[in-house]
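In what follows, a single structure is set out as structure tokens and then discussed.
In what follows, residues are counted from 1 in the order of the sequence shown.
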Amino acid sequence: MSMAAPAASQDKVTAPYGSWKSPITADIVSGADKRLGGIAVDGDGRLIWLETRPTESGRGVLVKESETAGGEPIDITPKEFSVRTVAQDYGGGDFKISGHTLLFSSYKDQRLYKQSISSGDPSPVPITPDYGEQAVRYADGIFDSRFDRYVTVREDCRESSLNPSTTIVAIDLSDNNIQEPKVLVGGSDFYAFPRVDSKGERIAWIEWSHPNMPWDKAELWVGYISENGDICKRICVAGCDPTLLESPTEPKWSSRGELFFITDRKSGFWNLYRWIESSNEVVAVYALDAEFSKPLWVFGISSYEFLQSGGQKELIVCSYRQNGRSCLGILDVVNSSLSALDIPFTDINSISSGIDCFYIEGASAVHPLSLAKVTLDDHKSEAVDFKIIWSSSADISEYKSYFSLPELIEFPTEVPGQNAYAYFYPPSNPIYQASQDEKPPLLLESHGGPTYEAHQSLNLSIQYWTSRGWAFVDVNYGGSTGYGREFRERLLGLWGIVDVNDCCSCAKFLVDSGKVDGERLCATGGSAGGFTTLAALAFKEIFKAGASLYGIADLSMLRAGMPKFESHYIDNLVGSESAYFERSPINFVDKFSCPIILFQGLEDKVVPPEQARKIYLALKKKGLPVALVQYEGEQHGFRKAENIKFTLEQQMVFFARVVGRFEVADQITPIKIDNFD
């Protein structure tokens with residue numbers, strides 16, 4: 001896509017940027033904000049997925065693919081249940097299926113429940129004790145048929161909610177008597193990916209301990225299971241060599257009993273490896289400067305699957321990220337060759353193998369988050385059928401003419417020779433245009449994490465802005481994932497500096513390119529992205545207004561209340577004690593010089609609500625235009641449709657009023673802005 005400005009059209013209505021009418025309303029955006037929490041295939045070869053529904057206050061519902069092509073999918077979660085684990089606060093790995101038996105975590109009490117999805121009585125029954133008050137959580141399990149049990153990660157908060165113990169436990173499934181789970185593995189701070197081989201003789205798992213995050217340094221272990229079901233011997237497969245820095249992830253046993261996994265040893269890129277058990281050696285399956293996995297923020301990641309194939313072939317379908325784009329490929333293990341599949345998705349989140357097919361969760365610049373069924377040819381080398389079976393926003397084809405297509409931009413940072421990346425979305429509307437002498441306002445978003453990544457997928461909340469005449473840029477600053485360990489580690493010790501500088505450099509790059517109006521630069525971000533936004537507004541003078549969604553204002557307060565999973569993460573990112581003070585926007589309210597709107601959930605355990613209130617009161621006292629919106633019943637990230645809608649609309653009208661020089665076309669009642677109204 002060219003960076004040149006489009007020529008004016010005689011057929012379009014000329015109106016100021018930001019004032020355009022758009023059918024992509026906040027109602028449509030909030031209703032389309034369904035999220036996926038994992039996919040699996042049942043005993044009949046039908047797909048089951050977990051979707052989070054904003055229109056049901058964020059309830060997690062398991063849904064089954066229709067028996068007939070084109071038929072309506074079926075909800076299998078009873079209305080009184082919500083499927084969601086809060087293990088490690090971020091959850092994931094909420095359910096597992098074997099044949100027609102389903103196990104899932106219930107959000108209300110965090111107990112595991114068993115449900116038959118084929119019998120006439122689908123009522124879930126609990127299989128773990130009731131400890132009360134979400135005290136014990138489970139995630140990321142696997143069925144062990146040899147002992148008729150379920151092996152899973154358990155997080156136990158009964159003795160301490162700030163420092164819960166994490167273990168791998170076995171839960172007996174042989175009768176209906178609820179028993180205390182049996183601990184199989186313990187001693188480290190964290191565990192993930194317990195995976196039992198098909199014979200029930202070996203178990204693999206990932207473990208790590210403070211001060212590391214799982215993407216910094218982790219270990220892959222294999223344990224040998226005795227006749228009574230205990231682990232009698234264990235061996236470290238990867239991560240124990242002091243001369244190799246690596247973070248292994250996603251172990252899986254093939255049908256032939258071989259252990260595969262992903263690690264980033266030597267190259268700094270997560271690639272596929274195989275364990276040679278007889279010599280305890282690790283060998284690369286295929287080497288590429290691309291990321292075949294992603295950071296373990298949530299349990300249950302699945303970036304590759306084994307394909308059923310005849311003869312001597314051993315094939316793996318895998319996704320990998322390279323140059324800001326996800327690719328899907330078939331990896332021939334024997335010949336060490338990778339062939340890319342031609343599919344419409346440019347973002348792939350999860351893979352699950354089916355019968356003579358596989359399923360992927362993905363998206364692209366014109367496809368919202370979707371589930372697709374992929375069928376390969378007889379040689380397993382080409383996709384002969386690609387069918388979308390679920391979409392987070394099914395009825396959006398009518399808005400296609402309004403979509404702004406992202407351009408991957410690479411821009412220079414303040415460090416000579418180092419570049420960073422972003423997706424730039426120009427204003428786009430088939431009916432409106434601006435005058436030739438006007439440049440659009442820009443909304444720059446810094447993603448959360450901060451060990452995370454902006455993606456090139458259709459996001460209606462971005463299209464909400466661009467279809468009204470805003471330019472939008474989603475920045476992958478130094479520290480983002482998807483570009484290897486070296487890029488990711490640019491942020492170590494420098495959070496609040498590298499990210500802020502890169503976001504400012506990106507905005508300046510777009511101004512210098514003639515793409516946006518330098519006097520109407522706005523910034524937004526959620527969580528860690530909210531911190532980057534607030535820090536940019538406090539310590540730089542690039543942006544004219546900002547929005548912080550459950551953003552961090554006080555790094556010391558954040559550290560004091562951090563859950564166990566992230567309790568050392570902040571130290572690694574911030575560095576010295578003095579930096580905690582010097583980079584916290586709350587300590588430098590005198591340096592803020594532009595209007596800010598803050599949005600906060602009152603049940604947020606990650607970023608306490610006091611942080612938003614503290615910065616709001618300080619800015620109000622200073623006399624700057626400021627507004628604070630607080631939501632009852634919301635946690636870290638907003639799940640309710642009405643709150644997603646309100647947040648979007650109030651950001652839009654806030655920016656229009658304080659920097660816009662235009663009237664918003666939508667009928668939105670603005671909230672009161674202190675020191676402005």
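- Judged by distance alone, the side chain of Lys645 and the main-chain N or O of Ser30 form no donor-acceptor pair under 3.5 Å.
- Using modelled atom types and a 3.5 Å distance limit, the side chains of Gln630 and Arg613 yield a donor-acceptor pair.
- Applying the salt bridge (charged side-chain N to carboxylate O under 4.0 Å, His left out) rule to pairs touching residues 579-592 yields nothing, sequence neighbours excluded.
- Without hydrogens or angle criteria, Lys217 side chain to Trp208 main chain gives no donor-acceptor distance under 3.5 Å.
- Judged by the 6.0 Å distance and 45° axis criteria, Lys640 is not positioned over the aromatic ring of Phe646.
- Taking 4.5 Å as the limit, some side-chain heavy atom of Asp264 sits within range of a side-chain heavy atom of Arg488.
- Between Leu162 and Gly561 the shortest heavy-atom distance is CD2-O, 4.5 Å.
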Open item on the list: What verdict does the side-chain contact (heavy atoms from CB on, under 4.5 Å) test give for Cys506 and Ile409, after you've listed the backbone C-alpha separation in whole Å, the side-chain angles of each residue and the deciding distance to 0.1 Å?
Closed with: CA-CA 9 Å; Cys506 182; Ile409 61 170; 4.2 Å; yes
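- The backbone N or O of Glu603 lies less than 3.5 Å from no partner atom in the side chain of Gln635, so there is not a single donor-acceptor pair.
- Under the 3.5 Å distance criterion, the side-chain polar atoms of Gln110 are matched with a main-chain donor or acceptor of Arg84.
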Can you give the donor-acceptor pairs under 3.5 Å from side chains of residues 293-302 to other protein atoms, not counting sequence neighbours?
residue, atom, partner, partner atom, Å
Ser293, OG, Glu250, OE2, 2.7
Lys294, NZ, Asn349, O, 3.4
Trp297, NE1, Thr451, O, 2.6
Ser302, OG, Lys252, NZ, 2.9
Ser302, OG, Ile351, O, 2.9

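- Heavy atoms only, all atoms of each residue included: Lys439 and Val516 are closest at CB-C, 3.7 Å.
- Side-chain atoms of Ser457 and Leu369, non-hydrogen and from C-beta on, never get closer than 4.5 Å to each other.
- A parallel orientation is assigned to the rings of Trp221 and Trp205, their planes being inclined by less than 30° (bins at 30° and 60°).
- Comment: Glu407 does not engage Lys515 in a salt bridge, judged by the lack of any side-chain N to carboxylate O separation of less than 4.0 angstrom.
- Applying the salt bridge (charged side-chain N to carboxylate O under 4.0 Å, His left out) test to pairs two or more places apart or on separate chains, those with a residue in residues 446-464 are Arg321-Glu453.
- Side-chain atoms of Asp156 and Ser165 include no donor-acceptor pair closer than 3.5 Å.
- Put simply, the side chain of Cys594 reaches to within 4.5 Å of the side chain of Leu537, judged on heavy atoms.
- Between Ser505 and Glu414, some side-chain heavy-atom pair lies under the 4.5 Å cut-off.
- Checking side-chain atoms of Asp554 against main-chain N and O of Ile586 turns up no donor-acceptor pair under 3.5 Å.
- For Phe531 and Trp495, the gap between ring centers is short of 6.0 Å.
- Sparse packing is recorded around OH of Tyr452, with 12 or fewer heavy atoms of other residues, nucleotides or ligands lying under 6.0 Å away.
- Classification of Lys614 and Glu610 as a salt-bridged pair fails, no side-chain N sitting under 4.0 Å from a carboxylate O.
- Within 6.0 Å of CD in Glu486 there are 12 or fewer heavy atoms belonging to other residues, nucleotides or ligands.
- A donor-acceptor pair is defined here as one N or O able to donate and one able to accept, closer than 3.5 Å; no such pair exists between the side chain of Asn501 and the backbone of Asp499.
- Ser446 approaches Tyr477 most closely through the heavy-atom pair CB-CE2, 4.0 Å.
- For the pair Asn675 (side chain) and Leu624 (backbone), a donor-acceptor distance under 3.5 Å is present.
- Side chain of Gln611 to main chain of Ala553: a donor-acceptor pair is present (N/O by atom type, distance under 3.5 Å, no hydrogens or angles).
- Between the side chains of Tyr631 and Thr647, at least one donor N or O sits under 3.5 Å from an acceptor N or O.
- Across all their heavy atoms, Leu245 and Asp216 have their closest contact at CD1-O, 3.7 Å.
- Using cut-offs of 30° and 60° on the angle between ring planes, the pair Phe565 and Phe190 is perpendicular.
- Applying the side chain to side chain contact (heavy atoms under 4.5 Å, CB included) test between Leu444 and each of Ile542, Leu510, Val473 identifies Val473 as the sole match.
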- [ ] Output, in order, the C-alpha distance, side-chain angles, deciding distance and verdict of side-chain contact (heavy atoms from CB on, under 4.5 Å) for Asp474 and His455.
- [x] CA-CA 8 Å; Asp474 211 353; His455 290 269; over 6 Å; no
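- In this structure, Ser480 and His447 approach most closely via the heavy-atom pair OG-NE2, 2.7 Å.
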Open item on the list: Applying salt bridge (charged side-chain N to carboxylate O under 4.0 Å, His left out) to Arg559 and Glu577, what does each step give before you reach the verdict?
Closed with: CA-CA 11 Å; Arg559 176 171 60 170; Glu577 283 297 321; 3.0 Å; yes
Task: Audit row: Asp571, Tyr580, side-chain hydrogen bond (donor to acceptor under 3.5 Å, both in side chains) steps and yes/no - done: CA-CA 9 Å; Asp571 290 337; Tyr580 273 92; 2.4 Å; yes
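- Ser247 places a side-chain N or O within 3.5 Å of a backbone atom of Trp215 that can act as its donor or acceptor partner.
- Side-chain N or O atoms of Arg520 include one that pairs as donor or acceptor with a backbone N or O of Gly660 at under 3.5 Å.
- Under the 30°/60° scheme for interplanar angles, the aromatic rings of Tyr320 and Phe292 are found to lie parallel.
- Under the 4.5 Å side-chain criterion, counting only non-hydrogen atoms from C-beta, Arg265 is in contact with Val282.
- A side-chain donor from one of Asp674 and Tyr616 sits under 3.5 Å from a side-chain acceptor of the other.
- Considering all non-hydrogen atoms of both residues, Phe193 and Pro251 come closest at CB-CD, 3.5 Å.
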Open item on the list: Between Glu634 and Tyr550, is the side-chain contact (heavy atoms from CB on, under 4.5 Å) condition met? List the steps.
Closed with: CA-CA 10 Å; Glu634 288 283 21; Tyr550 41 95; over 6 Å; no
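- Interatomic distance, CG of Asp140 versus CD1 of Ile206, reported as 10.5 Å (0.5 Å rounding).
- Contact check for Phe592 versus Val626: no side-chain heavy atoms found under the 4.5 Å cut-off.
- More than 12 heavy atoms of other residues, nucleotides or ligands lie within 6.0 Å of NZ in Lys622, so this atom counts as buried by the packing criterion.
- Contact of the Phe581 side chain with the Ser556 side chain is not registered, since no non-hydrogen atoms from C-beta on lie closer than 4.5 Å.
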- [ ] Applying side-chain contact (heavy atoms from CB on, under 4.5 Å), run through Phe261 and Trp270 and close with a yes or a no.
- [x] CA-CA 10 Å; Phe261 63 98; Trp270 275 309; over 6 Å; no
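- Inter-residue side-chain proximity for Leu408 and Tyr423 is flagged as met; some heavy-atom pair is nearer than 4.5 Å.
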